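First the structure, in the form of structure tokens, and then the observations on it.
Fair warning: this is a prediction, and the values are worked out from it, not measured in the lab. In what follows, every chain begins at residue 1, and chains take the letters A, B, ... in the order their sequences are listed.
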Protein chains: 2
Amino acid sequence: MKIIDKKSHNVILMLNLSYTEENYLKSIYHLSKGGKLEVTTNAIADNLKTKAASVTDMMKKLASKNVVNYQKYKGVNVSEEGKKVALLVIRKHRLWEVFLVEKMKFNWDQVHEVAEQLEHIKSSLLIKRLDEFLGYPKYDPHGDPIPDENGEYKATPQIPINEINIGHEGIIVSVKDSSSPFLQYLDKIGAYIGAKIKVLDKVDFDGSNEIIIDNKRTISISKQVSENILISES
Amino acid sequence: MKIIDKKSHNVILMLNLSYTEENYLKSIYHLSKGGKLEVTTNAIADNLKTKAASVTDMMKKLASKNVVNYQKYKGVNVSEEGKKVALLVIRKHRLWEVFLVEKMKFNWDQVHEVAEQLEHIKSSLLIKRLDEFLGYPKYDPHGDPIPDENGEYKATPQIPINEINIGHEGIIVSVKDSSSPFLQYLDKIGAYIGAKIKVLDKVDFDGSNEIIIDNKRTISISKQVSENILISES
DNA sequence: TATTAGTTTTAGACATACCTAAAACTAAAC
DNA sequence: GTTTAGTTTTAGGTATGTCTAAAACTAATA
């Protein structure tokens with residue numbers, strides 16, 4: 001269906017994609033790292049827990065709708081139009097995650113399944129109002145950036161704790177050292193991906209940092225540890 | 001799938017009904033006035049804008065899942081289990097409508113379409129928290145009662161304005177017609193759920209009613225309009 | 001009671017999204 | 001250049017929910 005936007009007089013393609021088609025686009029967008037890499041059939045099948053043959057069928061359909069660029073045996077990627085769809089779904093997913101954690105008091109590990117459903121609700125007004133209601137958040141509870149209405153977002157700068165200034169806070173998004181002893185140490189102190197960290201104090205002579213985790217647990221971590229925990233500042 | 005409820009030790013049938021099946025149950029529940037009347041195939045087809053043949057197919061399927069009582073040519077009704085499903089969907093629909101109006105600043109006439117989608121989100125925790133977040137509302141923005149977790153609600157005696165005697169007054173609790181044009185008309189004349197209405201005069205020859213809204217605005221409404229505004233007399 | 005109009009069901013198709021199994025293709029090893 | 005292992009596509013089939021057209025049934029009228 002082609003409709004004319006009365007304001008811009010541009011031709012807009014009204015894409016009415018199914019829940020399933022939206023999920024495929026989102027998967028391809030993620031696997032291609034935002035459209036940068038070609039994605040294989042098997043990678044999509046693994047990601048969506050389906051079979052390669054089903055993926056091939058869907059690629060033909062999405063190609064016919066011009067939301068992916070697909071050539072037999074040559075892999076697939078999102079088209080410009082498909083990228084917009086994927087980014088809108090991601091925007092909705094992450095806004096709903098913020099809503100669930102901030103307003104519905106969900107834990108960060110309870111939000112994903114429900115957000116997978118909510119991301120397909122079709123109402124541009126709702127998304128606009130939800131964004132406003134939540135105070136135009138830039139990051140979701142996992143520290144991932146929320147695309148704006150135009151699909152634009154800045155990649156999260158990931159900063160080690162030792163580079164965060166006193167009083168600043170953020171979310172643990174990654175670790176540099178993923179050895180077992182280090183991860184066990186993180187577990188012991190109650191640090192995990194998604195945990196909220198605030199830097200309370202920095203000790204000059206040994207480079208250690210005093211931090212509070214999830215506004216609950218105050219702890220001092222060594223310079224070495226603080227260099228290996230990456231934070232997305234908020 | 002049968003699971004055992006740890007608290008009650010009762011066997012619970014985990015019904016995983018589709019979006020479509022839920023809509024059929026809701027429709028049958030409404031058309032049967034809460035399970036009181038037998039519902040015909042054509043009535044369901046009209047209500048869901050589908051065809052009688054499709055309804056028959058679905059009735060067989062819902063009967064096999066024990067959520068409706070169905071006998072060929074004899075009409076259909078919700079079973080006890082089906083009634084629970086229908087009431088949960090209605091509860092979710094109405095809670096989301098309150099959310100959209102109170103928190104998302106939607107107008108009355110904008111909520112229905114979106115609530116039709118949101119009512120199928122599967123998360124009992126979300127509904128519990130949403131209910132809490134909204135302050136345990138008893139009525140939706142159209143004045144319809146919201147069933148509690150057990151599916152119970154009290155029906156308010158709702159009387160159309162044309163049946164209210166001269167000099168009597170009450171509160172608008174609901175509307176029969178919830179089409180966009182009608183809701184916009186109500187908005188225009190300053191009528192809303194919760195508004196105080198007093199019937200000042202009734203004109204016999206055309207059935208129109210002269211009313212005063214909130215002791216401020218005196219207006220004449222047609223017979224048609226007065227039949228579609230429901231009042232709780234006080 | 002027989003007819004008939006309207007309702008409901010059945011039969012057979014279609015689209016979506018999935019599957020398995022076999023065929024086609026790619027790319028790397030020999 | 002062949003072989004081969006792995007990937008991808010095709011072919012054909014399944015389940016869901018829809019449809020049209022025809023058959024079956026109900027209930028009201030003659």
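Distance, M58(A) CE to dT16(C) P: 10 Å, rounded to whole Å. Rounding to whole angstrom units, CG of residue L62(B) and P of dT9(C) are separated by 13 Å. Atom CG of N16(B) is separated from atom C1' of dT16(D) by 14 Å (rounded to the nearest Å). With rounding to whole Å, D57(B) atom CG is found 12 Å from dA13(C) atom C1'. Between the NZ atom of K60(A) and the P atom of dC18(C) there is a distance of 14 Å, rounded to whole Å.
Each salt bridge (charged side-chain N to carboxylate O under 4.0 Å, His left out) pair with one or both residues in residues 130-144 of chain A, not counting sequence neighbours, appears once here: R91(A)-D131(A), R94(A)-D140(A).
For DNA chain C, the residues of residues 68-76 of chain A within the heavy-atom distance limit of 4.0 Å (strictly under) are Y73(A), sorted by number. Heavy-atom distances under 4.0 Å link DNA chain C to T40(B), T41(B), N42(B), A52(B), A53(B), T56(B) of residues 34-56 of chain B, given in residue order.
Residue Y19(B) is classed as having no contact, given no heavy-atom separation below 4.0 Å to the nucleic acid.
Enclosure of atom CD in Q184(B) by more than 12 non-hydrogen atoms of other residues, nucleotides or ligands within 6.0 angstrom is indicated. For K84(B), the NZ atom counts as loosely surrounded, since its 6.0 Å shell holds 12 or fewer non-hydrogen atoms of other residues, nucleotides or ligands.
Aromatic ring centroids of Y29(B) and Y24(B) lie 6.0 Å or more apart.
Of the candidates I44(A), T41(A), V39(A), N69(A), M59(A) forms a side chain to side chain contact (heavy atoms under 4.5 Å, CB included) with just one, namely I44(A).
Side chain to side chain, N47(B) and S27(B) meet the donor-acceptor criterion of an N or O pair below 3.5 Å. Counted by atom type alone, N42(A) and T40(A) present zero donor-acceptor pairs between their side chains at under 3.5 Å.
The residue among M59(B) and S18(A) whose nearest nucleotide of DNA chain C is located toward the 5' end is M59(B).
The aromatic rings of F99(B) and F133(A) sit perpendicular, their planes meeting at an angle over 60°, well past the 30° parallel limit.
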